[in-house]
Amino acid sequence: MSEKLLQVEQLQTEFTKDKQKIRILHGVNFHINKGEVIGLVGESGCGKSLTSLSIMGLFKGTSGEITGGHIRFNGQDITSLNVNEMRKMRGKQIAMIFQEPMTSLNPVMKIGEQLMEPIRIHLNLNKKQAKEHAISMLKKVGIARPDEVINEYPHQLSGGMRQRVMIAMAMSCNPNLLIADEPTTALDVTIQAQILELMKQLQQQEDMSILLITHDLGIVAEMCDRVVVMYAGRVVEEANVFDLFEEPKHPYTRGLIGSVPKIGDKRDKLDSIKGNVPDPSDMPIGCKFAPRCTQVMPICLEAEPTSIMLENDRLCSCWLYDHERGEMHV
Amino acid sequence: GDSEKGQKGSDKEIVIAVNENFISMDPHNTGDTNSNSVQSAMLEGLLGFDSDGQITTVLAEDYSVSENALEYTFKLNQGIKFHDGEEFNAEAVKVNIERIMKDESLRLNSRGFNLITSVDILGDYEIKVTLKTPYSAMLTRFSVAKMLSPKLIKENSDDIPKSPVGTGPFKFVEWVQGDHLTVERYDDYWKKGERVKKITYKPVPENGSRIAMLKTGEASVIYPLPAQNLQELEGNKDIIVSKIPSTIARYVSINTMKEPFDDVRIRQAFNYAVDKNAYIKVVNSGFGLPLDSVIPSKTLYYVKQDVYEQNIEKAKELLKEAGFENGFTAEIWGNTNSDTMKGMQFIQQQLKEIGVTVEIKSMEEGTLSDEIFGAQTPEEAKLQMWYVSWSSYASDVTNATKPLFHSESIPPNSANTAYYKNTEVDSWMNEANSTGDATKQAELYEKIQSTIYKDAPWIFLGVDELLVGTRSDIEGIYVDPTGGINVSDANFK
Amino acid sequence: MFQYILKRIIEMIPLLLVVSILTFLFIHMIPGDPARLVAGKDATLEDVNRVSIELGLDQPIWKQYVTFMGNLFKGDLGTSLKTGLPVSNMFADRFMPSIYLTLLSMGWALVIGLIIGTLSAVFKNKWPDHLGMVTAVSGISLPGFWLGLILIQIFSVQLGWFPTGGAEGWKSYVLPSITLGAGIMSMLARFTRSSLLETLKADFIRTGRAKGLKESSVLTKHALRNSLIPVVTIAGLQFGFLLGGSVVVETVFSFPGMGRLLIDSIAFRDYPVIQSALLLFSIEFILVNLIVDILYSTLNPKIQYE
Amino acid sequence: MSNKLLKVTGIRKSFEIPSGILGKKKILKAVNDVSFEIMEGQTFSLVGESGCGKSTTGRLVSRLLTPSEGEIWIDGEEISQKKESQLKKMRQKVQMIFQDPYASLNPRMKVRDIIAEPLLIHTKLSKLEQQRLVSEILKVVGLNESHADRYAHEFSGGQRQRIGIARALIMKPRLIIADEPVSALDVSIQSQILNLLKDLQSEYNITYLFISHDLSVVEHISDYIGVMYLGTIVESGPKDAIFSNPQHPYTKALLSSVPIPDPKLRKERIILKGDLPSPMNPPAGCPFHTRCPVSMEMCKTIVPKVTQVALDNHFVSCHLMSS
Amino acid sequence: MEFTSTVTEKKQVVPKKKYSPVREFWVNFKHQKTAFFASMFILLLIIIAIIGPSIAPYDPYKPDYDATLQGPSSEHILGTDEYGRDIFSRILVGTRITLSVSTSSVLLGAIVGTVLGIMSGYFGGWLDRIIMRSSDVMFAFPDLLLAIAIVAVLGPGLNNVIIAVSVFSVPSFARLVRGSTLEAKENTFVEAAKSMGAPHKRIMFKHIFPETVSSLIVFVTMRIGTAIIAASSLSFLGLGASPETPDWGAMLSMGRDYLGTASHVVMMPGIAIFLTVLAFNLVGDGLRDVLDPKTKNE
Ligand SMILES: Nc1ncnc2c1ncn2[C@@H]1O[C@H](COP(=O)(O)OP(=O)(O)OP(=O)(O)O)[C@@H](O)[C@H]1O
Ligand SMILES: Nc1ncnc2c1ncn2[C@@H]1O[C@H](COP(=O)(O)OP(=O)(O)OP(=O)(O)O)[C@@H](O)[C@H]1O
Ligand SMILES: [Mg+2]
Ligand SMILES: [Mg+2]
């Protein structure tokens, strides 16, 4: 097995509301190897973005905090870093692309200025060098007239261009890990295809690791090496991308894959997972998916399953596979 | 000029802070005390006022009035030069008097002068003025009308309101609108004496700020010194406070033609209801004298009357006799000045004691003036009571009575807002005006005062005492009863 | 940009014409007869009538207006009824001090208001926020004369640092501008706070942090600039208060400004002065709004003008 | 049942874009000669990239905008130039579902009031009566009574979109214009909503104008499809024809861009170059030629004509076809 | 036609306790501690406004010329004024007029200004231009001149004070609200309402107005202080309450001359005004959070 770049171990993250702590992440475990593209999927609200924010340590302005577990980056526990050390890490070693390209850029600042900020901080370049670097980054992400674009404002760019700027910004300091939180949700299919293509290229050129967060299984299938499926703040399944689509183990994963309309699919009605993601402050006892599960068993309503290692290094938390539980549960 | 007239004195400058902006430096067109004060540093008249407000000679060496009170002859002082080098002589006087007579734009001070039929130069330094009809206040008018350089009048009359040229102890330097006006010692002044080098007059409307300036020494003299702040200066050895009885009468005029005020008992009851000492204490912070006649005590021919001492019982009785045992509701008007507001509230409180409910209606000046003078006949008048003050030159008893009590002065014609009409009083006033005989006038004014005081067309309240604050290193500055500041001998000790 | 500004300035002309007619009618309509006020209480009816003719007040109102405007186009603002001085002369010494005072007050109020507002937003519901609130509320509810006199007591009488009044040298501007700016500072602080609280929720703030920016840079470079638009609006609004509301300050600090002149002139119904001052204020106001609009588009590049 | 419920012929809409401070206005042709028709009870979908004019078309049909040219017939009535006051009746028949379930619900109103709003505007029903209808409709869209007293932000995206659908349904409309009703939603929720829309259609015979950029969704729900590019419909036809026999290079690129949820089917795609050209200065000739992988010389100058591909109403505007 | 359920949910969300809107508001508001205490203070003021005259230890109008300008003492806890009237009693009795005039004038100004501002922003075009240019002119117009005109046209009376003070504040409110309206009308839910056929009135007031509330609240609460002072200066012009009325602003202004020697005369009403404005601001902040459904539980 290749070298582990990032290890997330038993990550717990909580928000405080009305003086009450609400736990959103309940012991999230996964790891990313060097040069690997990991997909993090799950329904809205299951904690995907929160996982990435926990890795980045970006809780300022919210009541969120990490209350348990470790995040190791290159072996170093980054949850114990102080504010300044963490700040130096951000943008340089771990960079992030946010869900909303439309609002994630400062509307009143020129593209160039925004792009040069991390370059100047982390690479210690002077203004002129930083500008050159910024232009070269824009070129790399396929922006046609970079020397003009740096003097434009975000609203003068199309959504696709903005997202490319975000990518250029994130990649500008050559991070080891790129966290891409739904980088294309806001984009059109044709632009989306361009962006994904671009990310793939860059990832291969720079030997970067990517944590790709999405709920679009199509993108996962296109891009990822390994997939982590989350539900209600827990990892419910983790597997190689081929295995996962070939034979999803967890009923939730199965439900997800079943609900995707596929071109050429003649079904009159799509499969769908009934109901909604439970409210974090009002979780069912037992397996959190049980109320929506088509294969629910009595035990599911009483106790929460733990992660079970199945064949091919896959992991799954479901009572259905309890009989396969070997020695090595995580 | 450093001959015997040579002026020495300190090279230091002083600042005098007053409460309002100066309006105009045209001495022939000025109605406000502060402008007058500043002008008096630069300009002089044939006659002037002494510290008691009575008439003395200034540029005139001597004067005489004919028996029939129509001819005024002046002998002038010689060797006096205006600040611009022009000589002061009979010709200069004539130019000045004719300006006042003829220039239509001088709307304020032409009074009296419009009665002049001829100005005759009797010699280089002697001049005679002849009137159409007698006017007993004419000497006062001559004191008020200050002399300007004839050159200025002839050649640069547009500059008069901005930068006058006279014969006074100080000459004009600059006037920054709204900020200050500076005058400088005139070294060729015709009277001897040591004076400061420069005087800067500053309008400082805020009482507290004026006091602060005096305390910090930014101002050497402040006038008026707000009485309510006097306490702040207690024990301050650097500051001297002087108190001057004024010619400012404070009163409430009562519309004697309006029911129920047409009943003298009601008006007297009002007078009995008011405690004059309390009035002075509360409204004037303890500085002032009861108004014990129709005119202030400093005014010519003043005779003290029997004061309506506060007597609630008597007041109630009078009301009862007049048929208002249970009181009634009345309205008092006044401007928006905070002193006026205070005064009106005081009246309200006092009349409440005798069961009269007073409604206070304070109005902005312009509106108030429209309300009062908009009434073309006494019947139209809505005015019931007016809280107001009146001030005239101590020497000018005519102005202290005629506009206020003569039936010809009933609004809109003039300020008889008591709508007081007494044919006897009218004829006494006319008679006093047309004689040059002082004893006769004194007699007539005694009758006028006692008659009106008994008729009580006013609630007689008080006479202000003026307060001046001076730094203790300054001398030679005094304030006269009309509030004019005299600086001709201003100097450091 | 230049053409736009030019267009706006040309647009002012008809607007000012309408304004001049309206104000002319308005001030002649309100009660109060300048002739009576000028002549004085003891004036006889005859005196008053004479003054009235002399001042041209017996003319029909449209004629008076035409005369006024005719003179205005010749650059002559007329002659004050009260002082007999040319109006331009009365304005000359007061106009610039008024402008300086206004700008100075606005300047410090903006800076301090922004600082207080920012600290309040950053430390929402902590002590700096509470302190900011108390300061802002004090600023708005303390009457100007009180603050002014207290400042004079402390800084002029006790410490002797600044003069009690006047308009000579920068020192004499300090206390009046503090007094005048206090209310504006308060408004600005409150609006900065609320606007910044909104901005701090925006996604691009998180982007800034994710780049590894210092918190202070995030705040100043990213958050503040995006919060300025409402602040600029309020600042523009407050100019009205500055222009008209400086009377108290001018009184307390015996400051030679336009505010008191206008108020005194109103008391005397000094029509030419009132009329000219109002036109001047209108011009100032329209210019301020133009500047606000230009600021909008520099602060927010999305805002463009037709 | 071949009643044409909606017929749109040759509508155009341009916006004046103030540009710069100099005052020259630019013209943006957002919709440029669009025609289509929908039979009652059927679904017509508009697909295309962001900014190609889909929403504008939808807003023209719902008369939130007034077309500068062209006719819009709804249920036999021409409404393209009617005044707001004359549209009230039409507004009862036509309802919209918006793209963004977050932004299209007033955050300060309770769900109950949001759903009842059309009733309040168009009917004189009593409060009680309104609430009864609200409760009913909530059940229809799969929410329950207890949801009615909450605010929109307390719901998940899917639930919010149900609220939007409930609001559109409560007037029992004939035509629903659904502007990207599922693109903001999770796959799991998306399938729920798509199923719901289909169920409602078969139950109440509702006609949909369905706007989307997601071809897999469109395939699932439509009867007919129109592919838009830069304000014009470049290809239109029955669903099967478009999917099995796409003619226009843009349609082909769109189809190939859709990521397929099967890692084994990773494929070479037609990746279009560049971004959508600015509609303010659209390219001359065929609007697609700047990005077209098979563009020819003539495409740069000559606007292609609409040609019929096969018998079954399949039209395309491309020089490859017409030549 | 009968609707039938086509999709059902297995797990029902546990319904929250159902409250009436007022009750719900109250429950949320109570969480805002500072705001809650501030509103208790305002409630206290309202109670004083109602019962003030009956609990005042002295007759607020009764002078005592032997005890003028006395500092706070056990007899007069806040001292006496220039007529020897008890300041504490005057503040108590003055609460009613001060509060009612200031709040109602600010509210009236806010209402008119808001309506104009919303119309201006919503309809745009010539209406916008007329309203905005008029407000420009109003800004340049000195309050005193307007006040004189109002006195002349309407005559004295408390209602007219309220009108005058509101007239002064209308342009500010109009501009403020117009700005927020321009932003708010771009919301999709506004378009949604249009598509439903909602009339302009409903769109403006049901959908756009709430979006402007948060800046309105800041402005309204700040304006209360300004209004108290403005109302008192109008009463000097003879427009409002007669000068003996224990209006806080008037007490403050009348006490001006005594600032140097008997500062309590100014200080006491000043503190009353300060506390009131502070309370309104704190409540405003709380209200803003509560009215925004997104933050009300924070
Ligand atoms: N600032 C916050 N305060 C309180 N709760 C929060 C906050 N941010 C997120 N949450 C909660 O945390 C949970 C997980 O949110 P998260 O953003 O990680 O979801 P996600 O999986 O990224 O969903 P999506 O696909 O919608 O982006 C949600 O229930 C959300 O309500
Ligand atoms: N009110 C408007 N004023 C000016 N331009 C507009 C307006 N509305 C839309 N446009 C422009 O018209 C073009 C078409 O917009 P439209 O919203 O119809 O696109 P769309 O296909 O719905 O895109 P999306 O998928 O992003 O919703 C775009 O370039 C857009 O910028
Ligand atoms: Mg997310
Ligand atoms: Mg759209």
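Each chain gets a letter, A, B and so on, in the order the sequences are listed, and its residues count up from 1. Treat the numbers as computed from the prediction; the structure is a model and nothing was measured.
Using a 4.5 Å cut-off between heavy atoms, A:Glu197 touches chain D through its side chain atoms alone. Using a 4.5 Å cut-off between heavy atoms, A:Met161 contacts chain D through both its backbone and its side chain. Contact annotation for D:Asp240: only side-chain heavy atoms (C-beta onward) come within less than 4.5 Å of a heavy atom of chain A. Heavy-atom distances place the side chain of D:Lys198, and not its backbone, under 4.5 Å from chain A. Residue contact with chain D, scored on non-hydrogen atoms closer than 4.5 Å, involves the backbone and the side chain of A:Val241 alike. Only the side chain of A:Gln192 comes within contact range of chain D, with heavy atoms under 4.5 Å apart.
Salt-bridge annotation for D:Glu219 and D:Lys239: absent, with no side-chain N of the basic residue lying under 4.0 Å from a carboxylate O of the acidic one. Between A:Glu152 and A:Arg145, at least one side-chain N (NZ, or NE/NH1/NH2) sits under 4.0 Å from a carboxylate O, which counts as a salt bridge.
Checked options A:Glu311, A:Glu238, A:Glu237; the residue passing with A:Lys249 is A:Glu311 (criterion: salt bridge (Lys or Arg N to Asp or Glu O under 4.0 Å)).
Ranked by heavy-atom pairs under 4.5 Å with chain D, the list A:Thr190, A:Ile273, A:Val189 is led by A:Thr190. The candidate from A:Gly258, A:Cys224, A:Gly255 with the greatest count of non-hydrogen atom pairs under 4.5 Å with chain D is A:Cys224.
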Stepwise side chain to side chain donor-acceptor pair (under 3.5 Å) check, D:Gln159 with D:Arg150: CA-CA 12 Å; D:Gln159 287 172 321; D:Arg150 300 203 234 161; over 6 Å; no

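Taking the six-membered ring for Trp and thresholds of 30 and 60 degrees, A:Tyr252 and A:His250 have ring planes more than 60 degrees apart, a perpendicular arrangement.
Put simply, the side chain of A:Thr253 does not reach to within 4.5 Å of the side chain of A:Val41, judged on heavy atoms.
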